[in-house]
Amino acid sequence: MSKTFEHQVVYSVMDRVTFSNGEWLGADIPEAERVQKDVETCPLVWEYLAQSGVLGWELVCVLETVAQVKNQPYVRTLYLKRESN
């Protein structure tokens, strides 16, 4: 029987995880009202990875790209997977 996997695509700016599979991970602020400072309410990358690892997620790849936003030199896209039950 072949293995099947679940996947997460996670976005990170300023060492904070902002989105996972399209879901905002910061404070409950309507999207239209969010400002750059609200990124500080998102989990730190290392904290997010530690919590995800406990849940069986494995970091597969990190892609770093130039940001299109002022004062942010890059955006990281993290790809995680875990075996489905």
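All values below were derived from every heavy atom in this structure, side-chain atoms included, with hydrogens, water molecules and symmetry-related copies excluded.
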> Can you check side-chain contact (heavy atoms from CB on, under 4.5 Å) on Phe5 and Lys3, steps first, answer last?
CA-CA 7 Å; Phe5 295 91; Lys3 294 181 180 182; 3.9 Å; yes

> With sequence neighbours excluded, give me every salt bridge (charged side-chain N to carboxylate O under 4.0 Å, His left out) pair touching residues 22-31.
none

> Tell me the salt bridge (charged side-chain N to carboxylate O under 4.0 Å, His left out) pairs involving residues 52-61, sequence neighbours left out?
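Listed by first then second residue: nothing to list.
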
> With sequence neighbours left out, write down each residue that passes salt bridge (charged side-chain N to carboxylate O under 4.0 Å, His left out) with Glu64, or none if nothing qualifies.
Arg76

> Is any side-chain heavy atom of Val60 closer than 4.5 Å to one of Leu80?
no

> I need the Arg82 CZ to Glu6 CD distance, nearest 0.5 Å.
4.5 Å

> Apply side chain to side chain contact (heavy atoms under 4.5 Å, CB included) to Thr65 and list each qualifying residue two or more places apart in sequence or on a separate chain.
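Applying side chain to side chain contact (heavy atoms under 4.5 Å, CB included) to Thr65 gives Leu63, Val75.
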
> Who are the side chain to side chain contact (heavy atoms under 4.5 Å, CB included) partners of Phe19, not counting sequence neighbours?
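If we apply the side chain to side chain contact (heavy atoms under 4.5 Å, CB included) test to Phe19, skipping adjacent residues, the hits are Tyr11, Trp24, Arg34.
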
> Are any of the side-chain heavy atoms of Tyr74 and Val66 separated by less than 4.5 Å?
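SC-SC contact between Tyr74 and Val66 ruled out.
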
> side-chain contact (heavy atoms from CB on, under 4.5 Å), that's the test. Do Val10 and Thr77 meet it? Break it down for me.
CA-CA 6 Å; Val10 176; Thr77 306; over 6 Å; no

> Grouping I, L, V, M, F, W and Y whenever their side-chain heavy atoms are under 4.5 Å apart, do Leu78 and Val13 come out in a common cluster?
no

> Going by atom type alone, with no hydrogens or angles, which donor-acceptor pairs under 3.5 Å involve a side-chain atom of residues 41-48 and a protein atom two or more places apart or on another chain?
{"from": "Thr41", "atom 1": "OG1", "to": "Ala27", "atom 2": "N", "distance (Å)": "2.8"}
{"from": "Thr41", "atom 1": "OG1", "to": "Asp38", "atom 2": "O", "distance (Å)": "2.7"}
{"from": "Tyr48", "atom 1": "OH", "to": "Gln8", "atom 2": "OE1", "distance (Å)": "2.4"}
{"from": "Tyr48", "atom 1": "OH", "to": "Ser20", "atom 2": "OG", "distance (Å)": "3.2"}

> Under the side chain to side chain contact (heavy atoms under 4.5 Å, CB included) test, which residues partner Glu40, sequence neighbours left out?
Lys37

> Are the side chains of Thr18 and Leu25 in contact, using a 4.5 Å heavy-atom criterion?
no

> Same hydrophobic cluster for Val17 and Val62, using side-chain heavy-atom links shorter than 4.5 Å among ILVMFWY?
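Val17 clusters together with Val62.
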
